[in-house]
Structure formats: C-alpha cells, structure tokens
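Atoms within each ligand, like the ligands themselves, are counted from 1 in listed order. Position 1 is the first residue of the sequence, and the numbers go up from there. These numbers were taken from a predicted model, which means no experiment stands behind them.
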Amino acid sequence: MGLLQGKKALIFGVANDKSIAWAIAEAFRKEGAELALTYANEMVAKRVMPLAESVGAEVVLPCNVQSDADIKAVFEAIGTRWGGLDILIHSVAFANKEELKGSFLNTSREGFALALDISAYSFIALAKEASPLMQGRDGAMLAMTYYGGQKVFPNYNVMGVAKAALEASVRYLAEAVGPDGIRVNAISAGPLKTLAAAGVGGFNQIAGHVAEKAPLRRNITQEDVAGAATYLCSDLARGVTGEIHFVDSGYNIIGL
Ligand code: 1JT
C-alpha cells in the first residue's frame, strides 16, 4: 500500500513540468494520494491543465495567492469536493527581477511587500483556510525554502528576507496548529533548474559551486525533494513538526 494511500493533497505552485510542486504531485500520486492543483494565472494554465489531467487531479483551479477571494474559492471547492484535507503543499515565491540582483540596499518598500506577501504571508493565509478541513485527520503542511533565508547569498536579497519570514512562520504555525494534530514543516532545497531559477543571473555558477563543494558532490533533483516531501507528509513523520529539512546534498553543513 502506498505511503499516502487515500490522503487528499492540495498543491500550490505547479507552473510547468520542472516545478518542484509537479515532482511532488507525481510522487504523491504514486504513493496513492488524491490530488488537487492550483496555478498562479492564465499564462501557466495551458501548461498546467495537461499535467493535472495526467495525474487525475480532481480539482484544478486558478489561485493568485495575493487574493483572499481566490484563496477562499479554492478551499470552498475542496470542502465541497472532499469534505476534508490531509496535505497542503506551498511551493510559491515571487520577487521583482530587478531586486534579485545587485545591492540589497536597492530593495524598495513595494518590492519588499510584494516578495513577502507572495512568498511568506500566503503560507499563513493558506494554513488558516486549510486547518478547519484538517481537523481530526493528522494533517501535514509543507513549504519550500532556500538556504538564502539563513545565510547571505549574492543577489538573493529580498527573497532571503522572505524565506527567513517563511521559515519563522513554519515554526509559529507548527505551534498554532500542533494541538489539532497538524504538522508544519519546510524543505530547504538546493539550487534547482526551475522556472524561478531561469530568471536568475549566475545560476549555473551557483549550481556548479554546490556540485563541487557539497558532501554528495552533485546537485539535487526535483525527485530528491519529492522523496523528502513524501516522507514529511506521510505518517512516517508523525513526530516531526516545525522543522526546516535540508535537501541540498549536505551543502549547508560545510563551513569552508
Ligand atoms: C524565487 C526565484 C525564489 C528564484 C529562487 C527562489 N528560491 C530559490 N531560487 C533560486 C535561486 C536564486 C538565487 C540564488 C540561488 C537560488 C526567482 C523568482 C522569484 C522567486 O542566489 C544565490 C538568486
């Protein structure tokens, strides 16, 4: 029997077949989960629809996580269709491209608010709507983060601050919903070639450095992240909450 047999999983953040969220969807399906997917906007809809169909997703809806109305509509649909929810995946981030390069001093008030709204606050908003649907069913919530939320990386800038807020939110949410038996964790993934990474200057250099210096001497894959996500959202991780779990070939343990 699959590790997630019969569990109902709602996944935010599929943009294309390189998305971390997509690798998670495929892995969850293989382990017997039922899936619902959301996508950010009409631009990605034509890519996401065929993917959703190929895993038999029962609910596929647009959701701009900046919109309370969009979020409400998604959870209303989940409540109607499933009557409950076991797993929530947050794999969503955004920052203005101009603020992911050069000096951190050039972070604007608007850019800061935007990056933190989409990349950190949205997890809190989704958790608030998900928790009533997770009552009495050992729910699990999972967010995606990056080491730039803990240490300084060139160009990561405002995203680093957003990931720091997201990681702290994982801990505060874990405490808030823990009494209801709901667990909240994050995976800190090593650099991956996704749509998000495509817009980042010098990304290949970063990936090359990790492959050279990390204990495993390679970059991670989307499937590596999906494997850890499967464990963290399964009952095997029933005693694990509030954790930032690195899936980074061990890069973060190295000092020099
Ligand atoms: C976003 C982007 C969030 C790229 C991201 C991200 N989280 C990780 N990456 C990849 C990355 C980016 C930089 C980096 C290392 C990894 C782009 C769109 C907005 C959200 O520098 C060390 C800059």
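- At a heavy-atom cutoff of 4.0 Å, ligand 1 is contacted by the backbone of F94 but not by its side chain.
- From the protein, the heavy atom lying nearest to atom 19 (C) of ligand 1 is A95 N, 3.3 Å.
- Between the side chains of E167 and T145, at least one donor N or O lies within less than 3.5 Å of an accepting N or O.
- In this structure, the protein non-hydrogen atom closest to atom 21 (O) of ligand 1 is I206 CD1, 3.4 Å.
- Of the protein's heavy atoms, A196 O, 3.2 Å lies nearest to atom 17 (C) of ligand 1.
- Using a 4.0 Å cutoff on heavy atoms, P154 counts as a contact of ligand 1.
- The nearest heavy-atom contact from the protein to atom 6 (C) of ligand 1 is Y156 OH, 3.5 Å.
- Using a distance-only test at 3.5 Å, with no hydrogens or angles considered, no donor-acceptor pair links the side chain of D70 to the main chain of S67.
- By the neighbour-count criterion of 12 heavy atoms within 6.0 Å, atom CD of Q205 is sparsely surrounded, having that number or fewer from other residues, nucleotides or ligands.
- Side-chain polar atoms of H209 and Y251 form a donor-acceptor pair below 3.5 angstrom.
- Under a 3.5 Å cut-off, the side chain of R137 and the backbone N or O of M134 do not form any donor-acceptor pair.
- Of the protein's non-hydrogen atoms, the one nearest atom 23 (C) of ligand 1 is V200 CG1, 3.3 Å.
- Nearest non-hydrogen protein atom to atom 18 (C) of ligand 1 is L100 CD1, 3.9 Å.
- Checked by atom type, the side-chain pair K193/N204 shows a donor-acceptor distance below 3.5 Å.
- Among protein heavy atoms, the minimum distance from atom 10 (C) of ligand 1 is reached at F203 CE1, 4.1 Å.
- Taking 4.0 Å as the cut-off between side-chain N and carboxylate O, R183 and D235 do not count as a salt-bridged pair.
- Among all protein heavy atoms, the one lying closest to atom 3 (C) of ligand 1 is M159 CE, 3.7 Å.
- C63 SG to Y39 OH: the interatomic distance, rounded to the nearest 0.5 Å, is 10.5 Å.
- Annotation for ligand 1: atoms under 4.0 Å from non-hydrogen atoms of A93 are 3 (C), 20 (C).
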